Amino acid sequence: MKLTTKLALSQLKVNRRRTIWTIMGILLTTAMLTVIYGLGFGSGMDWVERMLLDASHNDRVIFLSMISGLAFVMSVIVICIAVIVVSNAFRVSANERLTQFGILKSTGATKKQIAKTVIAEGNFLMMIGLPIGIVIGLIVHLVGIEVINRFLEPLLSYEDLQNDAFFQFVFYPRALILATLVSMLTIFISAWLPARKAAKIPAIDAIRGIGEVKVKNKKIRGKGLTQKAFGYEGLLARTFLKRSSRNFRATVIVMSFSIAIFIIAGSFFDHMNSFSGMRWGGATFGNVSASIWIDTERGIQVEFEDIDQEVDVWWTEQIVDGDGNVIETHYFIQENTEIMLQRDDFDTLTNRIGNLLEDGDTMIAQVSNDRFETEIPVNDITDFTAYHRARWDWGIENDLAWFHVNLIVLDEASAQKFAEMAGVPVGSNILLNHGQEWHDDGRVATGAILDFGPFTIEIKTDEDTYEFDIHGQISDEDAFHYFGWSGTSSLNIIVSEVSADMAFQSLRWLIDTREPEQVTSLLQEELDAYLSDIASWMNVINHEELAALERNTTQLVTTLTFAFVGTLILISLTNVISTISENVKTRSKEFAALQSVGMTGGGIKRMLSLEAIFSSMKSLIFGVPLGLLGSFAVFNAINNAAEFDFSWPWLWILAAIVAVFLITYATMNHAANSLKKQNIIETIRNGSGM
């Protein structure tokens, strides 16, 4: 065995604690790269190929490019962090051995041999960490597939389940080879950078121990203020950090990065929840809804020569042969029917549905008619409404804006609740003054529909006119979501009752029940029986199932995000813990000297605690602004799909601050406890009594 190899091996044995933490960083990096390449180029590619089997070549290329691009970006982030973390461990190792390197150089060792000594350390660690990391990566890949499929299952349709649209564990040799090669390259670069630097230090400087700590005559500003605030120990802590800035530079960098990505991940989670609630929020009252829509218009097939020129063709239906040639065209015109639901139907159905519910269940009923309409002066609509109506160039004539009207009837408990929200007596008529619209670019926006003031509204049909005094409004977004999506073309009004002679085209019930599955089934049967002779469209929805789909979609994305971020933070922590622990160990002679002139163990512990606090504060100074910038970037990306306000990630910032101080303090405190075992005289004489 060559001398350089023996020296490297002995150094790893002497500094076992740092060796273990460095191996941890290497195996986590290798495991993460194995998972990224395995999921991206193995299971991910396989899933896209199976799902897009019948898709066009361009669609397949686009999706495959997206997956490979995502895997590439994620691996680059991992590599950058790994190089900083692992190379810092080798840098600390090389710095500790400067005197040894100086002696070797003075006896004839070349720069190349010195560099080989450090690189040999990397080779030994790679031989241990690489295979373990690959095995862990394959296990995580396998477990990750199960986790993804668990979240994915509720999102799949029956046809998808039949076609086995789940992710599958695919052992892709090329992905494994790529992960191995990239890990080896990462470890080599991490060892080579400090090795090259150590080799360049002149022999005399190395023997004298001139390395990371550069003592300059320049005064440290603000030391008087530091001493007043934190005492003599605080001054020593600040002086050491200032003169040993290189020693903590990598630690501050990775801690700042960890803080930033933690805040960004938290902000991503918050904005994804806002986005999903806005995009797919729907009715949030209760967990079951039932809707009926009566067909008051139908298509009548006519011959082309019988079509009146004054009557528009509603739609056409073409019959084609096997070659795609049109052999026959059917023409349909629109015919209005007089079939409508009456007040008696509404009361009967509401009572029947009420009989299906248990004590404690609640229900809200909503009635509407395509022929319920009203006109509001343009001066009374908001800029939000005017903007979206102008986009479509409809609904405004003679300075009047035309609206559909939906009437909502509440049960007693709900009437009390919404009256309190509007600040009006129970039995008042209340406008739900909140609308939602889609921009041309696909984003969702919300806003008030009318510039509200108490007013009387005239609701017109072809035959009748009904007047309602509007006493209050609810513009809160939460209340709006009780009743589902609403654009700027309709007004939703809570009324105490509806007129006996009103006819309805649409009925809807929102139900809060403890047995959603049972109520959904009973509702389906009840409405089917009642509407068997009426041409209608019916929809009964178990919103708990839809909520589960939304939760699973959000949870899948956030779980994968936090898994990636969490692993990066773990890699960073190996550097933080290793650097702080080794820093305390290498300064044992300094601490022994301080104790010999009267500093107590408690004073040294306080000094180290203040060093942890100062370095944590420096990391937060850089990490929090970077996290906020990243949060704004995430917000802008999601805001391209839905328009909502930026949510400041205060909770995540607070969690990051607490976590940073706890980690650095706990690590420093643990390392400081080891000083109790040292012999002051032996430490001063030999450099280490630990």
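Each residue takes its place number in the sequence, starting with 1. Because the structure is a prediction, the values reported are computed rather than measured. Both backbone and side-chain heavy atoms feed into the values below; hydrogens, waters and symmetry mates do not.
Looking at Ile569 and Phe262, their side chains come closer than 4.5 Å, going by heavy atoms from C-beta outward. Side-chain contact between Val660 and Met617 is absent, with no heavy atoms from C-beta onward closer than 4.5 Å. Using a 4.5 Å cut-off on side-chain heavy atoms (C-beta onward), Asn542 and Glu517 make contact. Counting heavy atoms from C-beta outward, Trp192 and Ile119 have side chains that approach closer than 4.5 Å. At a threshold of 4.5 Å between non-hydrogen side-chain atoms, the residues Phe661 and Ile657 count as touching.
Rounding to the nearest 0.5 Å places CH2 of Trp652 at 11.0 Å from OG of Ser631. One finds the OH atom of Tyr37 at 8.0 Å from the OG atom of Ser183 (value rounded to the nearest 0.5 Å). Separating the OG1 atom in Thr34 from the NE2 atom in His141 is a distance of 10.5 Å, to the nearest 0.5 Å. Distance OG/Ser289 to CD1/Ile541: 4.0 Å, rounded to 0.5 Å. Considering OG1 of Thr22 and CD1 of Ile128, their distance stands at 10.5 Å, rounded to 0.5 Å. How far CG of Leu33 is from CG of Leu181: 11.0 Å, rounded to the nearest 0.5 Å.
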key: Stepwise side chain to side chain contact (heavy atoms under 4.5 Å, CB included) check, Leu628 with Ile653   = CA-CA 9 Å; Leu628 288 175; Ile653 292 174; 3.8 Å; yes

key: Worked check of side chain to side chain contact (heavy atoms under 4.5 Å, CB included) between Met184 and Leu130   = CA-CA 8 Å; Met184 292 174 65; Leu130 195 63; 3.6 Å; yes

inquiry  = Pair Trp648, Phe632 - check ring pair (Phe, Tyr, Trp, His ring centres under 6.0 Å), show working.
reply    = CA-CA 9 Å; Trp648 290 87; Phe632 276 111; 5.6 Å; yes

key: side chain to side chain contact (heavy atoms under 4.5 Å, CB included) between Met32 and Leu28, worked out   = CA-CA 6 Å; Met32 199 166 186; Leu28 283 173; over 6 Å; no

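Heavy atoms only, all atoms of each residue included: Val35 and Gly137 are closest at CG2-O, 3.3 Å. In terms of heavy-atom proximity, Ala656 sits nearest to Ile263 at CB-CG1, 4.3 Å. For Ile264 against Gly627, the heavy-atom pair with the smallest separation is CG1-O, 3.5 Å. Taking both residues in full, the closest heavy atoms of Ser615 and Val252 are given as O-CG2, 4.4 Å, listed atom of the first, atom of the second, then distance. Nearest heavy atoms, Gly623 versus Ile259: C-CG2, 3.8 Å. When all heavy atoms of Ser256 and Ser619 are compared, the closest pair comes out as OG-O, 3.2 Å.
Applying the ring pair (Phe, Tyr, Trp, His ring centres under 6.0 Å) test to Phe257 and every residue at least two apart in sequence or in another chain returns nothing. By the ring pair (Phe, Tyr, Trp, His ring centres under 6.0 Å) test, Phe622 pairs with no residue at all, sequence neighbours left out.
Among residues at least two apart or in separate chains, there is no side-chain hydrogen bond (donor to acceptor under 3.5 Å, both in side chains) pair with a member in residues 123-136.
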